[in-house]
Amino acid sequence: MTTLPTAEVTVYPYDCDAFGHLNHAAVLILLERARWESLVLGPGADLFHRNGVAPVVRKAVVEYRAPAFPSDVLRVEMAVVHRGTSSWTIHHTANRMSDGVVVAEADIVFVCLDRAGRPTQLPEELVRLFGPRTSSAHAPRRIRVDGAELAVEVRGEGSAVLFVHGFPFDRTMWRHQLAGLSRWKRIAPDLRGAGESGPGAAEYSIGGYADDLVALLDALGIGQAVVCGLSMGGYILFDLLRRYPQRVRGAVLCDTRPQADTVETRRSRDELAAFAAERGPDAVAERLLPGLLAPATLADQPEVMAQCREMARRCSVAGMVGALRAMRERPDSTPVLGTIRVPTLVVVGAEDRPSPPSVAEAMAQAIPGARYAVIPGAGHVAPLEQPLATSRVLAEFLETVR
Ligand code: MLT
């Protein structure tokens, strides 16, 4: 826990209601005044501005403990009680100076936004100020499935949406959608060998990944979910639709394609697997990532590239080699398309090179009643490259499934 400079704020008449009490809503404003004061006393009021970010409140829980009146001076003590990669929580205690009575306590959760209004990692100076990362409120659950310990993040309540990541990524590629879409229970596993999931000993296959997902849903007591799969996650979704259609309430096929690998692609999978085994995940990332992201992402969003590199780095070599083998051996899913009977959204980045819009559009046309959306300015990783647009399209679709 990191304490911030304590601030003293005076209750003004306009903060109070007709009965003379500190008005409830005004407590939030008063606490905000205290935070500004604390910045002035500590790191400077331009802390966020000079770091190119803005703090916005995502959630506020206030407990009103005693009335306060105009001209009372409140001493507001503040402590950072949670620090994540892009969010932090400040606990506030407001004591009346004259008698020490606690007037209010509040836990306020902030998220750090970049200049484009997207959640972003805390800059170094804020990390130093707020202290070490506390254990994440969204720490994944660990569930043992067929010899591998799988990490799965479960957030919120409501109908379930299962997010399945692509290669060479992990569940954090959905971080913006996991943070938003708050009316849904969001479930995001790391597939075996990726992120925080162990590689296991079993042979990798697309069907094996699908079996893992069904086992996770069983362990979480979830019968049906809308399944949202990106690229390799889409290949796995086709297998779920083929073998476990009763578990899929709706389908989101994101930056993916139904066709099997060509002979040429299979050859390059083998070559990449040998390269991964010899040179490791970092080298694979350097080789693959420039071809996956849109040119504008590469030029203007270095943080997206950095996050993709981090995800690739977290993959084990066994996980990478296994995923390449699984994709190489996957069957053609074109025959599945016409059999899909659940609401389906096909979504693709306008500049996706591995699974371009022409392929996505043809896929949408082959699925009865499917919706189709193109995300401008995105390549193959639309949920990370253009998170707001992707989440909007997803949220609109999910409303139709609810
Ligand atoms: C992915 O993002 O999962 C990969 O691009 C899939 C593939 O290599 O076919």
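Bear in mind the structure is a predicted one, so any value in this text is a computation, not a measurement. Throughout, residue positions are numbered sequentially from 1 according to the sequence presented. Ligands are counted one by one from 1 in listed order, and the atoms in each one are counted from 1 as well.
For atom 7 (C) of ligand 1, the nearest non-hydrogen atom from the set R353, R269, H380 comes from R269. Among P168, S231, G229, the residue whose heavy atom lies closest to atom 6 (C) of ligand 1 is S231.
One side chain, D107 or H91, offers a donor N or O that lies under 3.5 Å from an acceptor on the other.
Using the six-membered ring where Trp is involved, H21 and F69 have ring planes that are tilted, between 30° and 60° apart. In this pair, F48 and W88 present their aromatic rings parallel. The plane angle is below 30°, not in the 30 to 60° band.
The residues D72 and R96 are annotated as salt-bridged, a charged nitrogen and a carboxylate oxygen being separated by less than 4.0 angstrom. A salt bridge between D239 and R242 is present, with a side-chain N of the basic residue lying under 4.0 Å from a carboxylate O of the acidic one.
Taking every heavy atom of M327 and a limit of under 4.0 angstrom, the matching atoms of ligand 1 come to 6 (C), 7 (C), 8 (O), 9 (O). Residue-ligand proximity, G166 to ligand 1, at heavy-atom distances under 4.0 Å covers atoms 3 (O).
Any N or O atom pair closer than 3.5 Å counts here, and R330 shares no such pair with ligand 1. Among the atoms of F167, some N or O lies under 3.5 angstrom from an N or O of ligand 1. Remark: ligand 1 and M232 share an N or O pair separated by less than 3.5 Å (distance only, no angle test).
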Trace of the side chain to side chain contact (heavy atoms under 4.5 Å, CB included) decision for V252 with L394: CA-CA 8 Å; V252 181; L394 261 175; 3.9 Å; yes
Side chains of residues 55-67: which donor-acceptor partners sit under 3.5 Å, not counting sequence neighbours?
{"unit_1": "E63", "atom_1": "OE1", "unit_2": "R65", "atom_2": "NH2", "d": "3.1"}
{"unit_1": "Y64", "atom_1": "OH", "unit_2": "H24", "atom_2": "O", "d": "3.1"}
{"unit_1": "R65", "atom_1": "NE", "unit_2": "E105", "atom_2": "OE2", "d": "2.8"}
{"unit_1": "R65", "atom_1": "NH2", "unit_2": "E105", "atom_2": "OE2", "d": "2.9"}

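Residue-ligand proximity: H165 is placed with every non-hydrogen atom at 4.0 Å or more from ligand 1.
The protein atom (non-hydrogen) at minimum distance from atom 9 (O) of ligand 1 is Y235 OH, 2.5 Å.
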